[in-house]
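Quantities reported herein were computed from a predicted structural model and do not represent experimental measurements.
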Amino acid sequence: AQSVTQPDIHITVSEGASLELRCNYSYGATPYLFWYVQSPGQGLQLLLKYFSGDTLVQGIKGFEAEFKRSQSSFNLRKPSVHWSDAAEYFCAASGYDYKLSFGAGTTVTVRA
Amino acid sequence: DGGITQSPKYLFRKEGQNVTLSCEQNLNHDAMYWYRQDPGQGLRLIYYSQIVNDFQKGDIAEGYSVSREKKESFPLTVTSAQKNPTAFYLCASRPSGGETQYFGPGTRLLVL
């Protein structure tokens, strides 16, 4: 069955420190991969996406993600977090049917 | 200003009542989706529509119904058969030939 796993439910990071959020997928073939961010009570905003090509993709708000086929992973990173990065982050994947499967999400808390 | 609108922002349902959540997009997207979000569970697909006058069940369609009479509109009805309707409902759309879904701001449904 197709699935997306985010192993970390909650991460706390200091402002200015680096952040890495993990995502693993289980699909028959390499899926389309996405990271979305959600502020409390809001919809989802697309941070970045990977379809093919360069395995390091750049997104908005200074985020990047690296696709590793051998590890079935698509981890999200940011070199220096800002207090405004506190939110919930979702990894998602889809096949050629474009139906998204979501991970359970990782909540990021930023401490001063 | 193009985008996806969902109304109302908050909706209250009495026991045994059907309620309808609105989703409208002016992006000229062909495909539209409804998701349910519960804490700690990510997003789960309720229904989706690839084209006007056609829609398919997602993973958790029981107790819900939809219609797609116009390209820009995809209303979701939560029926009395849905025994646990309290959740955050998100609508999304995707352009034809595109892989990315874009989300609306969501509707929170509460049971009185």
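Taking a 6.0 Å sphere around CD1 of B:Ile51, one finds it holds 12 or fewer heavy atoms contributed by other residues, nucleotides or ligands. Taking a 6.0 Å sphere around CD of A:Gln58, one finds it holds more than 12 heavy atoms contributed by other residues, nucleotides or ligands.
When B:Ala31, B:Pro39, B:Gly40 are compared by the number of non-hydrogen pairs under 4.5 Å with chain A, B:Gly40 comes out ahead. Looking only at heavy-atom pairs under 4.5 Å with chain B, the residue among A:Leu100, A:Thr107, A:Leu46 that has the most is A:Leu100. No other option in B:Gly98, B:Ala92, B:Gly58 has as many heavy-atom pairs under 4.5 Å with chain A as B:Gly98. Between chain B and the options A:Lys49, A:Glu88, A:Gln38, heavy-atom pairs under 4.5 Å are most frequent for A:Gln38.
Distance check, rounded to the nearest 0.5 Å: OG of A:Ser94 to CZ of B:Arg94 gives 8.0 Å. Atoms OH and OG1, from A:Tyr36 and B:Thr100 in turn, are 6.0 Å apart once rounded to the nearest 0.5 Å. A:Leu44 CG to B:Leu43 CG: the interatomic distance, rounded to the nearest 0.5 Å, is 5.5 Å. To the nearest 0.5 Å, the span separating NZ on A:Lys99 from CG on B:Leu45 amounts to 6.0 Å.
The part of B:Gln37 that comes within reach of chain A is its side chain, from C-beta onward, which places non-hydrogen atoms under 4.5 angstrom from that chain. Neither the backbone nor the side chain of A:Ile9 comes within less than 4.5 Å of any heavy atom of chain B. Of the atoms belonging to B:Gln101, heavy atoms from both backbone and side chain fall under 4.5 Å from chain A. Within the 4.5 angstrom heavy-atom criterion, no atom of A:Tyr96 approaches chain B. A:Gln6 does not touch chain B: none of its heavy atoms, backbone or side chain, sits under 4.5 Å away.
Between B:Tyr48 and A:Tyr98, a ring centre-to-centre spacing not shorter than 6.0 Å is recorded.
Side chains of B:Gln50 and A:Asp97 form no contact here, defined as non-hydrogen atoms less than 4.5 Å apart. Using a 4.5 Å heavy-atom threshold, the side chains of A:Gln42 and B:Phe88 count as separate.
A:Phe34 and A:Leu21 fall into different hydrophobic clusters, where Ile, Leu, Val, Met, Phe, Trp and Tyr residues are linked whenever their side-chain heavy atoms come under 4.5 Å apart, directly or through other members. Under the 4.5 Å side-chain heavy-atom criterion for grouping Ile, Leu, Val, Met, Phe, Trp and Tyr, A:Leu76 is not connected to A:Phe90 through any hydrophobic cluster. Both A:Trp35 and A:Val108 are assigned to one and the same hydrophobic cluster, defined by single-linkage of ILVMFWY side chains at heavy-atom distances under 4.5 Å. No continuous path of hydrophobic side-chain contacts links A:Ile60 to B:Phe103 [ILVMFWY only; heavy atoms under 4.5 Å]. Residues A:Tyr50 and A:Tyr25 share a hydrophobic cluster, clusters being chains of Ile/Leu/Val/Met/Phe/Trp/Tyr side chains in contact below 4.5 Å.
When hydrophobic side chains of Ile, Leu, Val, Met, Phe, Trp and Tyr are connected at separations under 4.5 Å, B:Tyr64 ends up clustered with B:Leu11, B:Val19, B:Leu21, B:Met32, B:Trp34, B:Ile46, B:Tyr47, B:Phe55, B:Ile60, B:Val66, B:Phe74, B:Leu76, B:Val78, B:Tyr89, B:Leu109.
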